[in-house]
Every structure is written in C-alpha cells, then in structure tokens.
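Have a look at the structure below before the remarks.
Counting convention: from 1, in listed order, for ligands and their atoms alike.
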Amino acid sequence: MWRSAIEDAMQKIKNNIHNHPGLLPHITENQRYKWGENGDWIEGFYIGMMWLSYEYSGDEEFKQSAESFLENFSQRLDQHYHLDHHDLGFLYSLSATAQWMITGDEKARAVALQAARELRDRWRPAIGAIQAWGKEGDPQNGGRIIIDCLMNLPLLYWAYQQTGEKDFYDIAYRHAHKSRRFLVRGDYSSYHTFYFDQTNGNALHGGTHQGYEDGSTWTRGQAWGIYGFALSYRYTKDKAFLQTAKELAKYFLVHLPEDHVAYWDFDVPIEENTPRDSSASAIVAAGLLELLDVLEADDSDRPLLEAGLQRSMTSLVENYSTMNMPDAEGLLQHGSYHVRGNSGPDDYMIWGDYYYLEALVRIEKGLKGYW
Ligand code: GLY
C-alpha cells in the first residue's frame with residue numbers, strides 16, 4: 001500500500017511540474033492550488049517533495065526541477081521579500097539545505113546559511129526567544145512566540161554544524177526550552193502562541209491565532225510541537241525534549257476520533273461538518289517516525305506510538321489520499337489552514353502533502369527528509 005501511495009504521489013508532483021512551470025503552490029481554493037510566486041511561508045514544501053521524489057526514484061526530472069528554483073529562493077533572501085517572520089526553516093531547509101545535502105552544491109549551502117543568519121537575527125534577548133511574526137518592536141507581535149517555530153530550529157542547528165558558530169546552536173536550544181516551559185501545558189496539551197512583555201521579558205499569557213480559542217489545543221500546533229521537540233532532541237540529545245515530544249504525541253493520539261485523523265482543534269465542538277486537519281495527522285506521522293527512531297527499544301510507550309502511526313497512516317492513505325483521483329493536484333484531502341479566518345478551511349494543504357510523502361518514504365525506504 002505504501003509503495004502505491006508513493007507512486008501516485010510522484011505522478012501528481014510530476015503533473016504539477018508540467019502543468020505549472022516555474023510556479024509555486026499556495027493555499028487552495030476549490031480543490032486547486034493557487035499557483036504563483038515565492039512570497040508566502042509554504043513554498044519550500046513543494047521543493048522538498050521534489051527532493052523526496054528524486055531520492056526515492058532517482059528520476060532526474062525531479063532533481064532538475066528542484067534545482068531550477070534555487071536562484072529564486074536566493075533572490076527572495078537578497079530582496080528580503082516577505083521575510084519578516086520565522087518560517088525561514090520551512091522555506092530553506094526543504095529547498096537550499098536539501099539541495100546541499102543531496103548534491104553538495106556550494107551555492108545551495110551559502111543560501112541556506114544566509115537564511116539561517118536571517119533567522120538568527122530574529123532572536124530577542126529581552127524575551128530569550130525567537131520572535132515569530134513581524135518586525136522587531138511590533139506592538140502586537142514583538143514579544144510573541146509560536147509553537148510552529150520549533151520546526152524552523154533545525155536550520156539553526158545545521159548552521160552551527162556547518163560553521164561552528166555557537167550562537168546558532170544556543171539560540172535554537174534556548175528557544176526550544178522557552179517553548180517547552182511556556183507553550184506546553186501541564187497535561188501536555190499546548191498553546192499555539194505565548195506573549196511576553198518585549199521590554200523586560202515578563203511572561204504575559206498564552207493565546208491562539210489559528211486555533212478554536214485561546215486556551216484550546218490547535219491540532220496542527222500540537223503536531224509542530226511533537227516533531228519539533230523530537231528534532232531538537234536529535235540535535236542536542238537533551239532528554240527533556242524527547243520526553244516532551246513523547247508526551248505531546250500521547251496526548252495527540254489518545255484524543256483522536258475513530259478514524260485516527262485529527263479534527264482541526266481538540267477542543268472544538270464536533271458537529272457533522274466540523275473540518276478535519278489531515279495535515280496535522282501527516283505531520284504527527286512524520287514526527288512519530290523520528291521519535292520511534294530515537295526512543296529506547298524497551299520504552300513502555302513504544303506500542304502506543306507504533307499503533308498510532310500505523311492507524312493514522314493507514315487512514316490517511318485509505319480515507320484521505322487522492323489515490324483514486326488521478327486529476328487531483330493535491331495528495332491529501334481535508335486539511336485545514338485557518339478555519340476561523342475562513343482561509344482553506346477544508347482542502348489540500350501543501351505541507352500536509354509534504355509530510356505525508358515524507359512519512360511514506362521514511363517507512364518504505366528510510367529517507368528522513370531535510371530537517
Ligand atoms: N505555520 C503556519 C501553519 O501551520 O499554519
């Protein structure tokens with residue numbers, strides 16, 4: 001089943017490359033990606049899918065297509081085009097870092113390091129964390145962290161490995177600890193965002209942007225936490241991150257509905273048309289694969305996590321994938337972007353497609369993605 005799902009995914013990626021040359025997918029409308037320029041937080045996922053497909057199949061067309069976008073990603077950095085945010089990891093780990101890892105291309109390495117320096121510049125000493133959104137001093141967002149940022153930290157850890165500049169590592173490590181302390185609640189549910197006083201670093205309160213309400217658990221935020229803390233463990237070997245990733249994963253799995261794929265928030269009232277977020281479950285599947293690789297063989301939670309992975313991936317392939325829809329542009333139906341904002345409340349999400357493919361090729365061939 002996994003192999004057929006991968007073959008189907010690669011065919012769809014190829015169709016998209018042919019049908020939309022030089023363009024990148026954005027948020028979906030009516031089961032079609034909007035295709036355009038490189039100016040959002042999500043463009044890296046499409047390039048990452050090309051690299052996964054190339055590594056899985058050896059098909060040069062995927063490699064050539066991925067490489068053809070490097071200059072565009074480089075120019076975006078030079079022009080600082082729509083880059084007042086922390087999503088440099090999502091953008092550049094999956095494009096430039098991936099290219100460097102696979103081909104050893106020096107230009108790709110330089111672009112990835114430039115992106116890492118931009119992310120490092122978002123460190124705010126007063127709060128001891130990376131500012132998620134907006135310019136320094138922004139009245140709304142100047143003291144705000146978000147759980148999604150954990151997935152951008154590998155770009156910093158990687159930059160430390162490449163350059164030996166310790167502040168890349170320290171910033172990522174300290175940000176991960178701050179996130180653990182303030183975004184993760186006592187029962188291992190999570191806040192999407194947390195606010196600090198940007199002048200003196202005093203903790204203010206948790207909140208949400210895309211979740212149901214301030215104290216709820218947005219399922220994709222929980223998913224970013226699971227995979228993000230597992231990756232901080234990979235780079236730092238700090239057991240606190242491993243334990244946090246595991247407990248967040250247990251919370252996620254025991255709160256799933258019967259078909260093992262998450263609704264968009266764990267606290268939203270469930271009605272007939274309540275949207276799912278298949279992308280949250282795809283991220284968690286990829287995160288569980290990372291966790292299961294590093295947990296002790298006799299860890300008592302291993303059976304729960306293994307069963308959760310198997311059930312979620314089976315449901316994603318059987319109930320949510322577009323395997324029976326040859327003309328579909330996306331791979332996973334029923335993702336959600338921003339339900340309360342009525343933006344992509346129930347459609348394909350390019351990051352859902354990416355993590356779904358990453359999980360599939362990791363299960364099938366041990367490929368780990370580019371974090
Ligand atoms: N990182 C933005 C989102 O998950 O929607």
Side-chain angles (χ1 to χ4, degrees), residues 24-29 33-34 38-48 82-95 115 118-119 122 129-134 140-141 144-156 175-176 179 183 190-194 207-214 216-229 231 248 252 261-266 268 275-287 330 332 334-356 358 369 371:
L24 294 156
H26 293 158
I27 301 303
T28 332
E29 236 174 44
Y33 285 117
K34 286 188 252 167
N38 193 350
D40 205 331
W41 66 279
I42 58 177
E43 288 80 0
F45 296 110
Y46 185 46
I47 312 299
H82 290 284
L83 283 180
D84 284 320
H85 56 73
H86 66 125
D87 289 315
L88 291 136
F90 286 125
L91 287 165
Y92 288 89
S93 290
L94 298 181
S95 55
E118 287 256 341
L119 183 55
R122 298 191 65 78
I130 293 168
Q131 179 182 334
W133 296 318
Q140 291 300 319
N141 292 311
R144 192 175 190 185
I145 65 170
I146 74 171
I147 197 162
D148 321 28
C149 188
L150 289 157
M151 285 304 294
N152 292 318
L153 302 183
L155 181 65
L156 297 175
H175 182 87
S179 301
L183 291 168
S190 56
Y191 285 119
H192 180 194
T193 85
F194 201 95
T208 198
H209 177 58
Q210 281 146 285
Y212 174 59
E213 59 188 10
D214 281 340
S216 73
T217 300
W218 179 48
T219 50
R220 191 158 68 254
Q222 187 87 2
W224 294 136
I226 293 165
Y227 200 178
F229 282 116
L231 287 168
L248 288 170
F252 190 97
V261 171
Y263 287 100
W264 67 283
D265 192 290
F266 282 125
V268 70
R276 304 276 175 162
D277 183 8
S278 58
S279 77
S281 283
I283 296 160
V284 171
L332 273 189
H334 307 304
S336 60
Y337 181 38
H338 188 359
V339 176
R340 280 186 305 113
N342 198 29
S343 174
D346 179 11
D347 218 319
Y348 306 131
M349 300 294 135
I350 192 67
W351 56 89
D353 290 357
Y354 171 82
Y355 287 98
Y356 169 69
E358 188 192 291
W371 306 107

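- A ring-centre distance under 6.0 Å is found for Phe252 and Phe266.
- Counting heavy atoms under 4.0 Å from ligand 1, residue Trp224 touches it through the side chain alone.
- Taking the six-membered ring where the residue is Trp, Tyr354 and Trp371 present perpendicular rings, their angle passing 60° and hence far from 30°.
- Taking the side chain as every heavy atom from C-beta outward, Tyr212 and Trp264 approach each other to under 4.5 Å.
- The aromatic rings of Trp133 and His192 stand perpendicular to each other, their planes meeting at an angle above 60°, with 30° marking the opposite boundary.
- Distances shorter than 4.0 angstrom occur between a heavy atom of Trp41 and an atom of ligand 1.
- For the ring pair (Phe, Tyr, Trp, His ring centres under 6.0 Å) with Trp224, the qualifying choice from Phe90, Phe229, Trp351, Trp218 is Phe90, the only one to do so.
- Ligand 1 places these atoms under 4.0 Å from at least one heavy atom of Tyr337: 5 (O).
- At a heavy-atom cutoff of 4.0 Å, ligand 1 is contacted by the side chain of Gln210 but not by its backbone.
- Against a heavy-atom cut-off of under 4.0 Å, Trp218 is close to the following atoms of ligand 1: 3 (C), 4 (O), 5 (O).
- Counting heavy atoms from C-beta on, the side chains of Thr208 and Arg340 come closer than 4.5 Å.
- In terms of N/O distances under 3.5 Å, ligand 1 is approached by Asp148.
- Counting the atoms of ligand 1 from 1 in the order shown, those under 4.0 Å from a heavy atom of Arg220 are 3 (C), 4 (O), 5 (O).
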